[in-house]
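Take a look at the structure below.
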Amino acid sequence: MENRSAAAPQPGLEHAPTTPWLLGHLDSIGRNIIGSLQTAQGLIAFTLITLGVAVTRFNASPRVIHPLIRSQIYRAGVRLLPIISFLACALGLMIIGQTVALLTRVGAQNLAGTVMVTVVVRELGPLAAALVVLARVGAAYVIELGTARALGEVEALDALCIDPIHYMVIPRMVGLALSIFSLTVYFILVTLVSGYLFAFVQDVPLLPGDYFKQLAVALSWEDFALLALKTFSFGVVIAVVSCYHGLAQPLRLEQVSGATTRAVVQSVVACVSLDVLFIIVYLVT
């Protein structure tokens, strides 16, 4: 009887090990939520400061700022033309050509223009160009600015009465916005042409005149306006998030890699969220 009573579990003890684990899990969730809210607050404040500097000092120091903007356009735009060309041709061959061939096979070739505008012009083109720029240039911004902050270069600019936002952030923001817009237009053109060439090789009975006429009919002025607004928004978001993680907080050199990862993840989330908002606008209009 004594052994049985000793071996019997006591009430409340079977739930004791799970209580610390549950509290620790809830504590981790709460910390993540608070950290996300603080990051969002910091990003919003940094965005407002950047836009304020861009408006108030638009014509300040043009001999210094304009060459910096041109260098960022070359870096984020011209130098990415080869990879954008490769992706546009590959996606045109794999997606657009097969879609046109499939529509022709089921007798729905009259919908080719509408499908191409919806897939390429509205969604695939802007998002693909933004992600390529983010991977190639946005991550490098965080490393450059984070290293500059860790080495005290930002404080040196302050000592020389040079606004770091105006000198470091504005050229990158304007350069990325113009670059993503230009790359998106180039990507769309190459994708549509290469996709039709693949369909033409497959002997799809769709004449080039009919194909481009369907594209022209499917396009509207809202597509051009929203395409420009979306691409410029992607550029501003990527530049602001990258510069925020590089400049807004004091970093040590060993913290730069972690800041780069956070900037890339948050930029992807922000771009996808913006894309969802534009989808809702397309559906409403």
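The first residue of the sequence shown is numbered 1, and numbering continues consecutively from there.
- Using a 4.5 Å heavy-atom threshold, the side chains of I65 and V174 count as separate.
- For the residue pair P171 and I69, the shortest heavy atom distance occurs at CA-CG1, 3.7 Å.
- Closest approach of G125 to I188, counting heavy atoms only: CA-CG1, 4.3 Å.
- Inter-residue side-chain proximity for L183 and L81 is flagged as met; some heavy-atom pair is nearer than 4.5 Å.
- Counting heavy atoms from C-beta on, the side chains of F187 and V132 never come closer than 4.5 Å.
- When the shell of 6.0 Å around OH of Y186 is examined, it contains more than 12 heavy atoms from other residues, nucleotides or ligands.
- Contact of the Y244 side chain with the R262 side chain is not registered, since no non-hydrogen atoms from C-beta on lie closer than 4.5 Å.
- In this structure, M168 and L247 have side chains that are in contact, with non-hydrogen atoms separated by less than 4.5 Å.
- Criterion: ILVMFWY side-chain heavy atoms under 4.5 Å apart, direct or through other members. Under it, L160 and V154 are part of a common hydrophobic cluster.
- Closest heavy-atom contact between S194 and C89: OG-CA, 3.7 Å.
- Expressed to the nearest 0.5 Å, how far CG of L43 lies from SG of C243 amounts to 11.5 Å.
- Every residue two or more places apart in sequence or in another chain that forms a salt bridge (charged side-chain N to carboxylate O under 4.0 Å, His left out) with D163 is listed here: R57.
- Y141 places none of its side-chain heavy atoms less than 4.5 Å from the side chain of I238.
- Rounding to the nearest 0.5 angstrom, the gap separating the CD1 atom in I162 from the OH atom in Y167 is 7.0 Å.
- By the criterion of side-chain heavy atoms lying less than 4.5 angstrom apart, applied directly or through intervening Ile, Leu, Val, Met, Phe, Trp or Tyr residues, F224 is grouped together with V121 in one hydrophobic cluster.
- With rounding to the nearest 0.5 Å, the separation of CD1 in I84 from OG1 in T184 is 7.5 Å.
- Note that the CZ atom of F181 and the CD1 atom of I73 stand 12.0 Å from one another [nearest 0.5 Å].
- In this structure, F86 places its CZ atom where only 12 or fewer heavy-atom neighbours from other residues, nucleotides or ligands lie under 6.0 Å away.
- Hydrophobic clustering of Ile, Leu, Val, Met, Phe, Trp and Tyr side chains at less than 4.5 Å, counting indirect connections, unites V272 with L131.
- Rounding to the nearest 0.5 angstrom, the gap separating the OG atom in S179 from the CZ atom in F234 is 15.0 Å.
- One N or O on the side chain of K230 and one on the backbone of R122 form a donor-acceptor pair closer than 3.5 Å.
- Between atom CD1 of residue I170 and atom CG of residue L51 there is a gap of 7.5 Å, rounded to the nearest 0.5 Å.
- In terms of hydrophobic clustering, with Ile, Leu, Val, Met, Phe, Trp and Tyr side chains grouped at heavy-atom distances under 4.5 Å, V237 and I44 are assigned to different clusters.
- No chain of hydrophobic side-chain contacts below 4.5 Å, direct or via other Ile, Leu, Val, Met, Phe, Trp or Tyr residues, connects V269 to V236.
- Between R79 and V137, the closest side-chain pair of non-hydrogen atoms is not below 4.5 Å.
- Two residues are said to be in side-chain contact when any heavy atoms from C-beta on lie closer than 4.5 Å; P126 and I180 fail this criterion.
- Residues V240 and M173 approach most closely at CG2-SD, 4.3 Å, considering heavy atoms.
- Closest of all the heavy-atom pairs between V78 and P82 is O-CD, 4.1 Å.
- Listed for the S71 side chain is a donor-acceptor partner under 3.5 Å among the backbone atoms of L68.
- In terms of heavy-atom proximity, A76 sits nearest to L176 at CB-CD1, 3.9 Å.
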